[in-house]
Structures are given as C-alpha cells and as structure tokens.
Amino acid sequence: MTEIRPHASHWGLFDAITENGRLVGVRPFAQDPVPAALIESVPATVNSAARIDRPYIRKGWLEGKRRGHLRGGDPFVPVSWDRAIRLLAEETARTRAEHGDAAIYGGSYGWSSAGRFHHAKSQLQRYLSLGGGYTFSVNAYSYATAQALMPHLLGTNEVFLGRMTDWAAIAENAKLMLCFGGLAAKNGYVTSGGAANTYGPNMRAAVAAGVKMVNISPYRADTEDALAAEFVPIRPSTDTALILAMIHHIVSLGREDRAFLTTHCVGWDRLAPTLTDKTPEWAEGITGVPAVTIRGLAERCLAQPTMLTAAWSLQRADYGEQPYWALIALAGVLGSIGKPGQGVAFGYGSSGGIGNPRREMPSLSLSAARNPVSSFIPVGRITELLERPGGTLDYNGRVLNLPDIRMVWWAGGNPFHHHQDLNRLLRAWAHPETIVVHEPWWTAVARHADIVLPATTTLERNDIGHSSRDRFIRAMHQAIRPLGQARNDHDILADLADAAGFRDRFTEQRDEGAWLRHIYGRWHQACARMGFDAPDFDTFWEEGHVELPPVERGQSFTQFADFWRDPEENPLDTPSGKVELFSETIAGFGHADCPGMPTWMEPREWLGNAAADELHLLSYQPPTRLHSQLDPGPIAARDKIQGREPLVIHPEDAAARGFEAGQVVRVFNTRGACLAGIRLDDRLARGVVLLATGAWYDPLEPGVPGSLCVHGNPNVLTPDIATSTLTQGMSAQSCLVRIEAWEGPLPPIRAHVPPTIEEMPA
Ligand SMILES: Nc1nc2c(c(=O)[nH]1)N[C@H]1C(S)=C(S)[C@@H](COP(=O)(O)OP(=O)(O)OC[C@H]3O[C@@H](n4cnc5c(=O)[nH]c(N)nc54)[C@H](O)[C@@H]3O)O[C@H]1N2
Ligand SMILES: Nc1nc2c(c(=O)[nH]1)N[C@H]1C(S)=C(S)[C@@H](COP(=O)(O)OP(=O)(O)OC[C@H]3O[C@@H](n4cnc5c(=O)[nH]c(N)nc54)[C@H](O)[C@@H]3O)O[C@H]1N2
Ligand SMILES: [Mo]
C-alpha cells in the first residue's frame with residue numbers, strides 16, 4: 001500500500017512516500033517555488049547499510065582501555081539496550097560524583113535534524129542540565145568570528161543571521177551589489193529547520209529590478225549564471241587589502257562622507273592615518289586584482305546606491321575579523337549604513353532564506369533547562385579543551401578555565417566532520433575516559449566513540465519543522481517504523497533520566513504527541529498575541545503545514561534605518577552608540593592578532609607565502625549534501641570520482657602538474673593527507689583548489705594519527721588555529737596543500753559500511 005506523508009528537512013520540505021511500511025521515495029512540497037533537489041538522497045540514506053542497528057560499546061572501553069587510548073581502531077561489541085542504559089547511567093553518575101559536573105563536555109555542536117522537538121542537541125542539553133550540568137560551547141562553526149565581533153562594532157548580530165536589510169529593499173533601492181565570496185546558489189538549498197526555498201528567486205528579482213551584481217571571489221561559479229554577475233577573481237584571504245585600498249581611493253578623491261563619519265561612526269580619525277599607504281597598487285600585489293579594477297569598484301560605489309555583502313566563508317579564515325570590519329568601514333566611508341536598501345550585511349549567499357522579506361513571528365522550539373555549570377569554550381576550541389586540562393583560554397576579554405574533561409557526549413553533530421586538523425583532534429580525543437555518541441549512522445564520530453546509541457531518523461518519528469526565515473510551519477509525520485533497534489533521542493534520555501531519578505522533570509510527563517501539542521500550543525498563543533490566528537493543532541497536523549501571511553509589497557525592511565535617520569535618538573548598542581571603526585574595547589584587550597581597527601595582516605597560510613608547488617585549498621560547503629549528512633545518498637555518489645570527493649582545479653594548474661580529469665591524486669601538507677579525484681574547472685582562479693567538506697572521514701588505518709583519508713575529507717588538511725584571540729573563530733579556509741599523483745591501487749571506501757563488530761560474552 002502506498003502512503004504519502006508531509007515531512008521536512010534542513011534541505012527542503014517534502015512528502016515521504018512509503019510502500020508497505022518502507023520508505024521508497026520522496027517528492028517536493030507542492031508549494032515550494034524551488035523544489036528541493038537534495039531530497040532525492042533521503043530514501044537511500046535512511047535505508048543505508050551505514051545505519052546503526054543496535055547499541056554498541058567499544059571493546060577496548062569494556063576492557064578498561066579508556067583515558068589515553070587512541071580511539072577509532074577497536075572493534076565494537078553489540079549490547080542490549082538495557083545494558084547500554086545501565087552502564088551509561090552508572091558511568092555518568094560516577095563521573096559527576098568523582099570529578100564534578102564540569103567534567104562532562106556536552107557542547108554537542110551540530111545541525112542535528114529539522115524537527116524542533118526531537119532536535120538531538122537540545123534534547124541532550126536539557127537532559128544534561130537537569131542532571132547537574134555540563135561544560136558547554138558557545139557560537140557556531142558557521143560564523144563564530146562574527147558572533148563575537150559584531151556586538152563590538154554594530155551592537156548586534158542581526159547583521160549576519162537575523163532580520164537584516166531584505167532583498168525587497170535591495171531590489172527597490174540599490175543599483176550595485178558587491179558580493180565578496182559571491183552568492184553561491186548551492187548554499188541556498190539548505191535552511192536550518194527546513195524551509196520552502198525562496199533563495200534564488202529573491203536575488204534574481206533584484207537583478208531583474210536593475211541591481212548589478214559583482215562577484216568578488218576566487219570562483220566564478222559563486223554566482224549562478226542567471227545573475228549575469230561581473231566576476232572579479234581574488235586571492236583567498238586577501239579581501240581586507242582590497243577593501244582598504246577602495247577606502248584609500250575614495251579618500252584620495254576627497255569623497256569620504258565626512259558628515260556621516262562624524263555623526264554615525266567613531267574612530268575615523270584613528271583609522272584614516274593607517275590607510276595612507278594602502279594604495280590600489282599595494283593591494284594589487286596582495287590580492288591579484290588590478291589597481292584599475294579596485295579604483296573602478298570604489299568609484300562605482302560612490303556613483304550609485306550600493307549594497308555591500310560578504311559570505312560567511314570570509315570570516316572562517318585566519319584573521320577572519322578583518323574583512324568584515326573593513327567592509328563595515330567602507331560602508332561608513334560611503335555613509336550608507338541604514339540608507340534604504342544600502343549599507344552592509346553578511347551571508348546573503350550563505351544559507352536559504354537569508355534576506356527573505358519576513359515579519360517578526362514567534363519561533364517554535366523545545367523549552368531549554370538552565371545549566372548549573374558555567375564553564376564553556378568557544379565551539380572551535382574543542383581540541384584545546386582536551387589537550388590542556390587545567391589551562392586557560394582568552395576569549396572576548398575574558399579568561400576561561402579549561403576543565404579536565406572525563407566524559408564527552410555528542411548527539412546531533414559530528415566533530416570528525418566539522419573540526420579542523422582531524423589528526424590533532426584524534427590525539428586529543430584520547431583524553432576523556434568515556435565518549436558517548438547518539439547517531440543514526442556509523443559516521444566518523446560514532447566510530448570514534450565508546451558507547452554508541454542508535455538514534456532514529458526524522459522519518460521514524462513525529463515532529464514539527466520550522467525556520468524563522470520561512471513562511472511555512474511543517475508537520476513531520478512519522479512515515480516508517482524505527483529501523484533495527486533505533487530509538488528517539490528523547491526516549492533514550494528519558495530512560496537515562498529515569499535511572500538518575502528525574503524522569504518526570506525531563507519528560508514533564510508528556511509523550512511525543514503531548515510535547516508536539518504543547519510546543520505548538522505555546523507558539524499558537526504567541527501568534528495570537530501578535531495578531532495572527534493560527535489554526536489549531538489538529539487542523540495543522542491534518543493539513544500538513546501552516547502558511548504565515550506573506551509580507552506585503554512595499555513593506556521592505558532596511559536594517560539600521562532609524563539609526564541612519566537620527567543616530568542620537570536611535571543609537572546602536574555599542575559603547576559609543578555609533579559604528580565603531582575603532583573600538584576602544586578591542587584595542588584595550590591588547591591582542592596583536594586583532595588590533596582596534598581593521599588591519600591587513602598576512603595570514604599564516606596564503607598564496608603570498610606559498611611555495612611554487614603549493615595551492616590554496618578552500619574547503620567549501622558541498623553542493624551534494626548538507627555537511628556530512630546525505631553522503632551515503634545517490635547525489636553525492638554520482639558526483640564522486642572513482643568514489644573520491646572531487647578536487648576542483650583550474651585546467652592550467654592541472655596541466656602544469658601533469659594531472660588529467662578523473663585521475664585520483666593525493667592531497668597533502670604537514671598535517672595530513674587524503675585522496676581526491678581531479679575535476680577541471682576554468683571558472684576557478686589559478687592557484688586555488690576546492691575540496692568540499694563532508695566526504696566521511698575514512699582513514700586507511702583507523703585510529704592511527706596521520707593515516708591517509710582515502711575518501712577526501714579536507715579536515716585532515718585544514719589548520720586548527722583561532723582566527724584571533726578575541727573571537728577564537730575557526731580558520732578552515734586558510735590552508736595550503738600540495739598534490740601528487742596516486743600511483744598505488746585504490747583503497748576501498750569503508751566509511752559507508754559498519755566498522756568491525758565482534759561478539760563478546762555478556
Ligand atoms: N574544512 C571545513 N570544515 C567545516 C566547514 C568549512 O567550511 N570547512 N564548515 C563548518 C560549518 S559552517 C558547520 S555548520 C559544520 C557542520 O558540522 P555538523 O553540524 O557537525 O555536521 P553534520 O554532518 O550536519 O552533523 C550532524 C550529525 O547529526 C546526526 N543527526 C542528524 N539527525 C539526528 C538525530 O535526530 N539524532 C542524532 N542523535 N543524530 C542526528 C547526523 O547523522 C550527523 O552525523 O562544519 C564545519 N566544518
Ligand atoms: N548545499 C549546501 N548548502 C549549505 C551547506 C551545505 O553543507 N550544503 N551548509 C550550510 C552552512 S552550515 C553554512 S555555515 C553556509 C556557509 O556558507 P558560506 O560560508 O557562504 O559557504 P562556502 O561554500 O564555504 O563559501 C562560499 C564561497 O566563498 C568563497 N570564498 C572562500 N574564501 C574566500 C575568500 O577569502 N575571499 C572571497 N572573496 N571568497 C572566498 C568560495 O569560493 C566559496 O565558494 O552554507 C550553508 N549551505
Ligand atoms: Mo555552518
């Protein structure tokens with residue numbers, strides 16, 4: 001019997017098609033203007049051989065090989081759910097009693113799945129909080145640098161992730177849009193929480209309305225052809241130099257907006273003197289962009305209403321603070337911050353729904369519990385946390401103490417996907433006594449855990465999908481029974497809470513159905529307070545979605561508009577109330593790697609200090625997946641070359657090294673090595689290669705640091721260094737590599753089948 005049920009994922013809203021209880025297909029949500037492409041990979045991924053069929057425990061852990069033991073190489077032993085829960089409950093209680101609650105690291109960073117109730121990380125953190133607390137993490141891999149920096153400069157983070165100047169305002173008012181890092185179409189396939197896709201149409205509408213796009217990026221394909229963007233190729237990590245030189249040129253023409261710099265900004269008197277030698281010729285030598293082009297860009301910004309933007313990728317690089325700060329300074333010099341459809345905002349090309357016209361509506365989520373433990377790390381410092389117990393870490397003007405972590409617990413994220421320098425992480429990962437992972441699949445983090453608990457996928461449970469950037473709230477109906485012995489994260493944690501004596505506080509005596517009604521009910525009430533009469537739960541569930549009223553034409557939104565009109569009446573939430581081109585606060589911290597104003601600093605790894613045979617590796621977001629999710633599906637599989645992730649390279653760079661399309665190469669540097677397949681693309685700048693994130697880490701010798709990843713995971717190559725002491729952001733994009741032909745036989749890909757499993761007497 002065929003059945004069709006509404007569902008949602010980060011990669012789009014869809015209907016699940018089942019036959020006799022088995023997931024056989026999907027089709028896009030009928031009201032999605034851009035049908036989600038990645039959903040094609042869902043059925044094969046859900047039914048994949050990489051699913052974890054039951055609970056497992058690492059054999060070495062059972063034998064006492066715990067602290068100091070390199071993980072990843074041992075076989076796993078199947079255990080019953082009862083035994084797994086009992087052992088884990090005992091181990092948790094022991095850790096808390098002997099080492100304190102801060103000895104548990106529960107940062108559990110990761111995207112989990114779209115449903116807002118079964119959101120794995122939220123469930124885990126609620127359980128850990130109620131159980132006594134845990135060491136947590138702040139900020140996101142996506143934009144950690146900006147999260148710590150922007151409050152100092154503009155007094156808000158809304159300028160890259162919240163309600164920023166929308167596409168309608170840009171289309172109505174701007175004539176030019178400079179896009180550093182482009183507006184990559186592939187990134188719009190994805191919206192956290194699930195959304196109908198309105199990304200491409202918005203930017204195309206802006207172009208149709210007369211906005212000229214300029215793609216300033218190493219990769220021409222960072223804007224889709226439909227945008228007919230002008231392409232200015234630039235060396236990676238050099239945008240700051242280009243922007244400072246644009247400011248230099250504007251000043252040399254005497255065209256800086258002095259009034260705005262006085263009334264709306266502080267620090268121009270400090271910044272201006274440092275720019276006298278930042279000429280377009282100087283920047284040409286750094287960026288590879290001709291001085292005449294730099295002058296031209298500056299003059300065009302002066303001549304017409306201009307929107308400035310940069311992708312999030314620019315701040316995931318060494319000194320990633322600087323290009324963002326420099327772009328704000330350029331907007332200040334142009335006097336455009338808060339002018340209708342102008343100024344600066346970040347990430348229009350970085351995720352679905354960014355810049356969507358939207359009205360403020362309440363969001364829908366699980367209620368959190370208060371964490372009694374106060375110790376935390378900025379999310380990207382996980383390796384250091386494990387390497388330096390008892391040490392300290394500077395972060396945003398504070399000194400953090402790094403606790404001695406005995407237990408690490410992850411649900412809904414994959415550090416062996418997302419973290420940089422995986423070989424260093426692998427060594428640090430030996431430090432804890434116990435590592436617990438909930439996962440539907442045998443991902444790399446599950447393979448490097450001690451206690452592995454099989455979680456359901458969204459198709460195996462009921463939930464509600466929602467993104468604040470979308471007009472749809474989506475019912476996620478359970479389509480199939482849990483595969484194998486998989487259980488919902490909530491149910492696993494409820495049993496663990498039971499063993500520790502707080503089940504009722506964790507569940508609030510609700511089952512799944514009662515929770516969904518409760519969460520929806522709170523949202524429904526909040527909507528009513530804002531004048532929107534949402535349908536009741538039963539109607540919503542039956543219908544499959546709620547559609548929020550559209551934003552009417554003429555209701556465009558420009559961020560900082562009030563501030564632009566009257567900065568005295570509507571100050572920013574910065575110490576000065578103005579845009580901080582110079583920040584006394586940041587200068588006062590005295591960090592050499594993040595001075596008090598935008599500054600060009602040479603990255604540790606870039607083409608400016610590369611040897612002749614080195615290339616700059618950009619590990620960008622995969623067009624074929626969401627991070628490591630959907631890697632077992634057909635879209636990712638079709639894109640691979642002899643089973644390896646493609647390494648995109650300019651045909652002349654390939655020819656100079658004697659490489660041909662389709663050939664497998666070894667990509668390496670001092671940190672590690674992986675295999676990848678050569679893909680030629682003349683839209684890429686010379687000297688740059690692209691290797692998407694997300695091919696499942698597949699070491700030739702599991703558990704051995706430095707082992708070759710045979711599949712093409714770039715994080716064996718990327719550096720684990722902070723963008724700066726101020727923000728402690730990630731520098732994944734600052735990475736030099738070498739490439740050589742792979743002459744040997746091709747090792748098999750083992751990442752998508754279970755690891756070695758041994759039966760052991762109970
Ligand atoms: N080199 C390099 N590295 C990067 C980046 C880069 O640009 N370059 N980008 C970074 C960025 S921006 C990000 S956001 C991160 C992403 O890093 P992550 O968010 O950690 O990546 P995902 O693959 O989405 O991991 C989510 C995991 O949750 C699991 N999961 C899904 N649903 C459930 C569930 O219901 N229950 C449980 N228990 N598990 C579930 C999935 O199977 C998957 O393993 O990567 C970062 N890493
Ligand atoms: N399909 C798909 N979409 C996704 C994701 C996914 O995994 N798959 N992940 C989502 C997540 S979590 C995030 S955080 C966002 C990330 O969104 P972004 O950070 O915007 O994405 P990236 O693909 O890393 O980078 C976009 C482009 O920036 C360019 N670039 C890199 N370095 C530089 C530089 O130094 N200067 C300039 N000018 N350009 C540079 C590269 O050419 C690259 O193609 O994407 C989201 N969207
Ligand atoms: Mo991200």
Side-chain angles (χ1 to χ4, degrees), residues 10-11 37-38 45 108-115 118-121 123-124 140-144 179-192 215-222 232-239 242 310-317 320 323 346-347 349-352 380 410-420 437-441 443-446 453-458 461 463 488-489 492 603 606 616-631 684-685 688 690-694 696 713-715 717-718 730 732-735:
H10 297 309
W11 44 86
L38 291 177
T45 303
S108 191
Y109 178 80
W111 268 54
S112 307
S113 284
H118 288 292
H119 188 252
K121 177 180 139 189
Q123 288 284 351
L124 175 63
Y141 273 72
S142 319
Y143 34 56
C179 307
F180 290 85
L183 298 166
K186 61 162 174 78
N187 287 346
Y189 302 158
V190 162
T191 311
S192 178
N215 174 20
I216 305 168
S217 164
Y219 195 31
R220 184 191 287 273
D222 280 339
V232 177
I234 185 170
R235 280 176 164 179
S237 296
T238 66
D239 305 81
L242 185 144
W312 294 337
S313 55
L314 271 77
Q315 48 86 68
R316 293 201 305 280
F346 304 92
S350 296
S351 210
W410 233 286
N414 183 353
F416 280 85
H417 158 77
H418 63 235
H419 197 55
Q420 284 60 66
V437 169
H438 304 200
E439 255 294 342
W441 292 275
T443 58
V445 69
L453 303 176
T456 51
T457 70
T458 62
R461 61 204 189 202
D463 214 330
N488 300 336
D489 296 288
I492 299 170
W606 68 300
H616 191 121
L617 173 75
L618 294 176
S619 43
Y620 69 154
Q621 304 290 346
T624 60
R625 297 176 288 265
L626 170 66
H627 316 137
S628 70
Q629 302 195 55
L630 304 177
D631 193 44
L684 188 60
V688 180
L690 304 173
L691 181 61
T693 63
W696 288 9
N713 187 313
N715 277 329
L717 303 162
T718 52
M730 279 62 67
Q733 310 306 329
S734 307
C735 180

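Order of listing sets the numbers, starting from 1, for every ligand and every atom in it. As the structure is a prediction and not an experimental result, all values here were calculated from the model.
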[atom]: the protein heavy-atom neighbour that sits closest, reported with distance to 0.1 Å:
| atom | answer |
| --- | --- |
| atom 32 (N) of ligand 2 | L618 CD2, 3.6 Å |
| atom 2 (C) of ligand 2 | P622 O, 3.3 Å |
| atom 45 (O) of ligand 2 | S350 O, 2.9 Å |
| atom 7 (O) of ligand 2 | H627 N, 2.8 Å |
| atom 8 (N) of ligand 2 | R625 O, 2.8 Å |
| atom 23 (O) of ligand 2 | K186 NZ, 2.7 Å |
| atom 21 (O) of ligand 2 | N187 ND2, 3.0 Å |
| atom 17 (O) of ligand 1 | H418 CB, 3.1 Å |
| atom 42 (O) of ligand 1 | E439 OE1, 2.8 Å |

Shortest reach to [atom] by a heavy atom, considering only [options]:
| atom | options | result |
| --- | --- | --- |
| atom 41 (C) of ligand 2 | I234, L314, D222 | D222 |
| atom 13 (C) of ligand 2 | H10, Q621, Q733 | Q621 |
| atom 5 (C) of ligand 1 | I492, T718, T693 | T693 |
| atom 26 (C) of ligand 2 | S313, P236, S619, G349 | S313 |

Ligand 2 contact on [X] by region, counting heavy-atom pairs under 4.0 Å:
| X | value |
| --- | --- |
| D239 | side chain |
| P323 | neither |
| Y143 | neither |

**Q.** Mutual orientation of the aromatic rings belonging to Y143 and W312 [parallel < 30°, tilted 30-60°, perpendicular > 60°]
**A.**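 Answer is perpendicular, since the angle exceeds 60°.
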Is the shortest distance from a heavy atom of P218 to ligand 2 less than 4.0 Å?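 It does; at least one heavy atom falls under 4.0 Å.
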**Report entry** Close side-chain approach of F180 and P323, heavy atoms under 4.5 Å
**Finding:**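 With C-beta onward as the side chain, the pair stays apart.
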Is there side-chain contact between R316 and Y620, with heavy atoms separated by less than 4.5 Å?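 Contact flag for R316/Y620 side chains = no.
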Which atoms of ligand 2 sit under 4.0 Å from any heavy atom of I216?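 In order of number, 38 (N).
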